[in-house]
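This report refers to the structure that appears directly beneath it.
Scope of the values below: all heavy atoms of this structure, side chains included, with no hydrogens, waters or symmetry mates.
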Amino acid sequence: KGKQSLASYVDRMIRAKLNIQANEKFELKIYRAQLDADGIEDAIVTINRLDFAIKEAMASANPAKRAELAYMGNFNYFFFFDGKLDMLSPPIAIPSSPLLPLQVSFEHISSTDYQDIVIDFRIRNASYKDFYTVSNHTPRRIFQFKNFDGLGTTITEAYHFEYGAGSYGPQKNIFVMEAKLEGLPAGQDKNTYQPKLIPLEKIKYTFFYLEKEGKYATMDAK
């Protein structure tokens with residue numbers, strides 16, 4: 001599909017799959033990459049339904065509490081568009097704060113021939129990273145870890161990620177490296193501010209892929 005036709009197609013399909021009303025404002029983004037071994041470009045489509053989240057909170061018994069909790073819920077979704085099948089997957093919800101949309105990037109982790117999906121999302125003053133690989137035309141989560149936690153408090157943690165040769169197969173090892181979290185500037189909202197992470201060259205954990213389990217594990221002490 002061309003860029004315009006893909007955008008029109010996913011807009012129509014997503015409205016139907018998520019039962020989005022005609023007057024709802026939402027954010028849709030398309031990220032293109034080759035995500036499996038068929039040699040054909042695929043795409044990840046993200047949906048942010050902040051407008052719906054706020055309206056739902058306003059209609060609840062305690063709107064102020066919902067706002068304090070950064071409107072946490074199933075309001076951020078992503079879909080996998082399979083370029084070979086010309087089809088959009090069912091919605092995959094990522095429970096998170098809709099105050100910030102999902103951030104998508106791609107990395108060569110499972111193979112040098114195609115890329116895996118990396119999705120960053122917020123849970124109040126913490127940020128997480130999910131890793132997905134596409135198997136049988138379906139994204140499957142293989143790893144999750146924090147980017148940072150404790151923004152705006154005295155107890156913080158932060159990490160960045162590097163990749164190296166796999167211990168047990170072609171899938172790369174994931175090195176969780178320590179980082180320093182930027183402080184929250186005065187007047188900024190801890191639930192929406194996107195802080196800088198200063199990388200430190202110290203490995204905190206080494207994760208390796210277990211074929212039998214279909215996910216990453218570590219022998220490092222917690």
Side-chain angles (χ1 to χ4, degrees), residues 7 9-31 35 43-81 87-106 116-134 138-153 155-159 161 181-182 184 187-195 197 215-216:
Y9 167 75
V10 298
D11 182 83
R12 185 175 72 253
M13 293 296 293
I14 282 164
R15 286 178 184 274
K17 287 174 183 282
L18 295 178
N19 193 29
I20 293 175
Q21 302 302 305
N23 63 347
E24 181 185 328
K25 296 175 185 175
F26 65 95
E27 183 181 275
L28 181 156
K29 287 189 178 179
I30 299 173
Y31 302 82
L35 300 173
I44 293 298
V45 182
T46 61
I47 298 295
N48 175 266
R49 302 184 70 186
L50 175 59
D51 183 54
F52 180 70
I54 292 173
K55 285 176 180 173
E56 191 179 78
M58 293 302 290
S60 72
N62 196 339
K65 187 66 177 177
R66 295 284 288 273
E68 183 188 331
L69 296 174
Y71 305 104
M72 280 291 302
N74 288 336
F75 304 108
N76 277 318
Y77 295 84
F78 80 94
F79 296 75
F80 169 61
F81 176 76
M87 284 179 60
L88 197 68
S89 73
I92 300 169
I94 295 188
S96 55
S97 167
L99 292 173
L100 290 170
L102 302 177
Q103 294 183 320
V104 176
S105 57
F106 303 103
D116 290 315
I117 308 150
V118 183
I119 298 182
D120 293 86
F121 60 95
R122 284 292 283 271
I123 296 180
R124 301 180 70 190
N125 65 335
S127 170
Y128 290 80
K129 193 182 295 289
D130 274 358
F131 294 76
Y132 291 81
T133 194
V134 174
T138 305
R140 176 173 58 83
R141 194 175 75 180
I142 52 176
F143 185 59
Q144 181 187 86
F145 210 85
K146 286 180 182 179
N147 291 308
F148 64 81
D149 198 358
L151 178 64
T153 73
I155 302 173
T156 64
E157 55 183 307
Y159 306 97
F161 300 82
L181 182 66
E182 175 195 8
L184 182 69
Q188 293 290 337
D189 183 351
K190 67 181 180 181
N191 293 330
T192 57
Y193 184 71
Q194 302 198 57
L197 303 183
K215 61 184 180 181
Y216 276 82

Inset, instruction - Please answer whether the main-chain N or O of A70 pairs with a side-chain N or O of S97 as donor and acceptor at a distance below 3.5 Å. - result: yes
Inset, instruction - Check whether any side-chain heavy atom of T46 lies under 4.5 Å from a side-chain heavy atom of N76, and answer yes or no. - result: no
Legend entry - Q103 CD to R122 CZ distance, which is reported to the nearest 0.5 Å: 9.0 Å
Inset, instruction - Identify the two heavy atoms, one from Y9 and one from L88, that lie closest to each other, and give their separation to 0.1 Å. - result: OH-N, 3.4 Å
Inset, instruction - Answer whether the closest heavy-atom distance between the side chains of D116 and F131 falls below 4.5 Å. - result: no
Legend entry - Atom pair CZ (F75) and CG (N48), whose distance is rounded to the nearest 0.5 Å: 10.5 Å
Inset, instruction - Verify side-chain contact (heavy atoms from CB on, under 4.5 Å) between I54 and Y71, making sure each step is shown before the conclusion. - result: CA-CA 7 Å; I54 292 173; Y71 305 104; 4.0 Å; yes
Inset, instruction - Tell me yes or no: between the side chains of Y193 and E182, is some donor less than 3.5 Å from an acceptor? - result: yes
Legend entry - Short side-chain to backbone donor-acceptor contact, N191 and L69, under 3.5 Å: no
Inset, instruction - Output the distance between atom CG (L184) and atom CG (D189), rounded to the nearest 0.5 Å. - result: 8.0 Å
Legend entry - From CE (M72) to CG (L99), nearest 0.5 Å: 10.5 Å
Legend entry - Test item: D120 side-chain N/O and K129 main-chain N/O as donor-acceptor pair under 3.5 Å: no
Legend entry - Approximate separation, where rounding is to 0.5 Å, of N125 CG and T153 OG1: 6.5 Å
Inset, instruction - Measure centre to centre between the rings of Y132 and F78, then say whether the value is under 6.0 Å. - result: yes
Inset, instruction - For the pair F143 and F145, name the ring-plane relationship: parallel under 30°, tilted 30 to 60°, perpendicular over 60°. - result: parallel
Inset, instruction - Go through the steps for F106 and I117 under the test side-chain contact (heavy atoms from CB on, under 4.5 Å), then give the verdict. - result: CA-CA 5 Å; F106 303 103; I117 308 150; 4.3 Å; yes
Legend entry - pair F80-V134: side-chain heavy atoms closer than 4.5 Å: yes
Inset, instruction - Hey, could you give me the CE/CE distance between M87 and M13, rounded to the nearest 0.5 Å? - result: 7.5 Å
Legend entry - Within-4.5 Å side-chain heavy-atom neighbours: I92 and R141: no
Inset, instruction - Using side chain to side chain contact (heavy atoms under 4.5 Å, CB included) as the criterion, point out the one residue from D149, N147, L100 that pairs with S127. - result: N147
Inset, instruction - Could you tell me whether E24 and R15 have a side-chain N and a carboxylate O separated by less than 4.0 Å? - result: no
